Amino acid sequence: MPLGLDHAGLMGRRHFLLGAATLLASSPLSAATLGADPLAEGWLATAGMGEGFGAVGLDTTFAATTEAQSATRLHGIEASPTGPLAVAVGRRPGQIALVFDRRKDGQNGSIVATLAPGAGRVFSGHARFTADGRLLLTNEIERPGEGAHVMGRGVVAVRSVDGGFAIVSEWPSGGDGPHDLMQSGAALVVANGGIEPNTPEARDAEVTGSSVCLLDPASGAVRGEGRLSQDLASLSLRHLARDGRGGTVVAAQDLLKDGEARPLLFRIAADGALSAFDAPDAEWRALRGYVGSVAFDPSGRYVACASPRGNRVAVWQADGRFVGAVTLTDGCGLAAGREAGSFVAASGYGEVILVSAGPEGVGIAARRTGGPRFDNHLVRIG
């Protein structure tokens, strides 16, 4: 289906439509760029397809093509910054991660490697290539003993890309239940989620034991740590985003379902200390205790988070001030758009929207329907 303008949010209608028209005319969504190299620009996502799952690519019109197929549900996805390889990791407790070549037909031989976690461990859903593309870092969780009321200690497995993704080093993640990880500035940041909401370990639990750990990206040595205050101890710190200049945020999910308005988005200081973003209580409650993904816009001036339970994408300024939100039913996949103030979000109902944020608020600048059942994550390439 073609893209179409669809006004929503807090902007004045005339101002918003003028801004959206300018955005569409100047961005890679315009017809002049439809023949661009698919390896150079677009997005990657995980999705449900037919009876199975897989990785899909989105072009600049948000049209989806299959990149890799899987019998197992996938979670995080990451493209190499230096070549055509990408990796999609199985959801926790994952047993596989698929490495695929984006140049090849996704239905015919694009998978170049199928990775397994280290002995006695499971994948936690995310992996990251290093900036030089030579290493792949996977967050993994040790399986706890039978009946243990913990998620399991975390390990960062360092894998050699040229060495067939063999593990060449292992570092403690600094906590239990690590979920996301990424290098931001001089640190490798790991979100140790602790006890994860809606798991067997979470039954009757009220404290997650979550933390953020800053590791030396060369040695794995701990350089800093952040923990939440006791009144926020029910939050599991899970997903990370960076602005490209050393600024990092982490989004949370709440173990409790008591209707309390708790912040779910935090800035991470250089020493790991956490400070909450600001929003009216009603806006925090509208997220229903669950942020599924978080992203900076290309300028680093705005941060957005997607809540599939709250059916919305909410946007803040990078200084922590709330801007506004738009509706996206079962929307979770989220990534930077191509222009300042823009984000791309995808839903489990096959819908992709272009979100535009500015001083006057947030709106939906474009929309495409009819795609696959987009899953948790979306990442921009190029």
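When a residue number appears, it is its place in the shown sequence, counting from 1. On a predicted model such as this, the values are computed, not experimentally measured, just so you know.
- Listed for the S211 side chain is no donor-acceptor partner under 3.5 Å among the backbone atoms of C213.
- Applying the salt bridge (Lys or Arg N to Asp or Glu O under 4.0 Å) test to every pair with at least one member in residues 245-268, sequence neighbours left out, gives these pairs: D254-R262, D258-R262.
- Side-chain atoms of T208 come within 3.5 Å of backbone N or O of L235 as a donor-acceptor pair.
- Checking side-chain atoms of N139 against main-chain N and O of D180 turns up a donor-acceptor pair under 3.5 Å.
- Among pairs with a residue in residues 187-246, those fulfilling ring-ring contact (aromatic ring centres under 6.0 Å, His included) read H75-H239, H126-H239, H179-H239, H239-H377, at least two apart in sequence or across chains.
- Grouping Ile, Leu, Val, Met, Phe, Trp and Tyr residues whose side-chain heavy atoms lie under 4.5 Å apart, directly or via other members, places V161 in a hydrophobic cluster with L85, V87, V89, V99, V112, L115, F123, F129, L136, F165.
- I195 and Y290 are members of different hydrophobic clusters when ILVMFWY side chains are connected at heavy-atom separations under 4.5 Å.
- Defined by atom type and a distance below 3.5 Å, a donor-acceptor pair is present between the side-chain atoms of D59 and T61.
- For residues 70-91, the salt bridge (Lys or Arg N to Asp or Glu O under 4.0 Å) pairs, not counting sequence neighbours, are R73-D375, E78-R128.
- The side-chain heavy atoms of L98 and F53, taken from C-beta on, include no pair separated by under 4.5 Å.
- In this structure, L237 is not a member of the same hydrophobic cluster as V155, with clusters built from ILVMFWY side-chain heavy atoms closer than 4.5 Å.
- No donor-acceptor pair closer than 3.5 Å links the side chain of T138 to the backbone N or O of A127.
- At distances below 3.5 Å, not a single donor-acceptor pair connects side-chain atoms of T66 with backbone N or O atoms of V56.
- Clustering of Ile, Leu, Val, Met, Phe, Trp and Tyr by side-chain heavy atoms under 4.5 Å joins L215 with L135, L137, V156, V158, V168, W171, L181, L188, V190, V222.
- A donor-acceptor pair is defined here as one N or O able to donate and one able to accept, closer than 3.5 Å; such a pair exists between the side chain of S124 and the backbone of P178.
- The side chain to side chain donor-acceptor pair (under 3.5 Å) pairs that include a residue from residues 300-316 are E283-R312, where partners are two or more places apart or lie in different chains.
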